[in-house]
Amino acid sequence: MRTETVAIDADSLAFWAERHLCTLTTLRTDGRPHVVPVGVTLDAELGVARVITRKSSKKVANVLSSPTGEARVAVCQVDGGRWATLEGVAAIRTHPDVVGDAVKRYADRYGRTPTFDPERVVIEIRIDRAMGQAKLPQTPAGARTAG
């Protein structure tokens, strides 16, 4: 269980609450990155990000191929000049209550509840690094912008 939480500023928290397609990067057994589009939810209080997926997916296989507690992953989202990345260690969660909670969080963020899938699992990421630029500087009044 986490004993400390990575600080995520208010602008980044708001950005992670918006509806954005994200990417998940896992590592193949040969070290090459595997990057796929996903939906991500953030529980900043627990310091956890979650991705729901099928247990037969390559991303799950990549996480499971790492020794327990060593599956390094990153999730990222971008919107114009705003971006945010969360890094951490991933684990696969299969308990129905955990999966149900992750589906509810996904529905809250993305505005739709995925259809039931008996193969659904959760990639749970214990966040140990957060970075990004979620708030763009304001253009001074009267300043010209490129366009």
For residues [X] and [Y]: do they belong to one hydrophobic cluster (side chain heavy atoms under 4.5 Å, members Ile, Leu, Val, Met, Phe, Trp, Tyr)?
{"X": "Leu24", "Y": "Ile52", "answer": "no"}
{"X": "Val75", "Y": "Ile8", "answer": "yes"}
{"X": "Val63", "Y": "Val36", "answer": "yes"}
{"X": "Val40", "Y": "Leu13", "answer": "yes"}
{"X": "Ile123", "Y": "Leu64", "answer": "yes"}

Would the distance check show the side chain of [X] and the main-chain N or O of [Y] forming a donor-acceptor pair, the cut-off being under 3.5 Å?
{"X": "Asp79", "Y": "Arg82", "value": "no"}
{"X": "Arg93", "Y": "Glu124", "value": "no"}
{"X": "Tyr106", "Y": "Val51", "value": "no"}
{"X": "Gln77", "Y": "Phe15", "value": "yes"}
{"X": "Arg50", "Y": "Thr41", "value": "no"}

Check whether any side-chain heavy atom of [X] sits under 4.5 Å from a side-chain heavy atom of [Y], and report yes or no.
{"X": "Ile127", "Y": "Val48", "value": "no"}
{"X": "Thr25", "Y": "Cys76", "value": "no"}
{"X": "Pro114", "Y": "Arg120", "value": "yes"}

Approximate separation, where rounding is to 0.5 Å, of [X] [atom1] and [Y] [atom2]:
{"X": "Arg72", "Y": "Glu87", "atom1": "CZ", "atom2": "CD", "result": "6.0 Å"}
{"X": "Met131", "Y": "Ser12", "atom1": "CE", "atom2": "OG", "result": "11.5 Å"}
{"X": "Arg28", "Y": "Ser66", "atom1": "CZ", "atom2": "OG", "result": "13.0 Å"}
{"X": "Arg129", "Y": "Thr85", "atom1": "CZ", "atom2": "OG1", "result": "9.0 Å"}
{"X": "Trp83", "Y": "His20", "atom1": "CH2", "atom2": "NE2", "result": "14.5 Å"}

message = If you apply the rule side-chain contact (heavy atoms from CB on, under 4.5 Å), what do you find for Ile92 with Lys55, and how did you get there?
response = CA-CA 9 Å; Ile92 306 303; Lys55 67 181 176 184; over 6 Å; no
query = More than 12 non-hydrogen atoms from neighbouring residues, nucleotides or ligands closer than 6.0 Å to CD on Glu119, yes or no?
reply =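 Yes, the 6.0 Å shell around CD holds more than 12 heavy atoms from other groups.
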ask   = Which atom names give the shortest non-hydrogen contact between Ala84 and Trp16, and what distance separates them?
value =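 Closest pair (atom of Ala84, atom of Trp16, distance): CB-NE1, 3.3 Å.
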inquiry  = Side chains of Thr53 and Lys59: any donor to acceptor distance under 3.5 Å?
reply    =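 Judged by distance alone, the side chains do pair up.
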Ion pair Asp30/Arg32, N-O distance below 4.0 Å =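 Yes, charged N to carboxylate O under 4.0 Å.
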request  = Under the side-chain hydrogen bond (donor to acceptor under 3.5 Å, both in side chains) rule, collect the residues that match up with Arg105, sequence neighbours excluded.
outcome  =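 Partners of Arg105 under the side-chain hydrogen bond (donor to acceptor under 3.5 Å, both in side chains) test: Asp43, Asp101.
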task = Among Ile125, Leu42, Val6, Val73, find the one that has a side-chain contact (heavy atoms from CB on, under 4.5 Å) with Leu86.
result =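 So, applying the side-chain contact (heavy atoms from CB on, under 4.5 Å) to Leu86 and each of Ile125, Leu42, Val6, Val73, only Leu42 qualifies.
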message = Pair Val60, Val121 - check side-chain contact (heavy atoms from CB on, under 4.5 Å), show working.
response = CA-CA 9 Å; Val60 168; Val121 297; 3.8 Å; yes
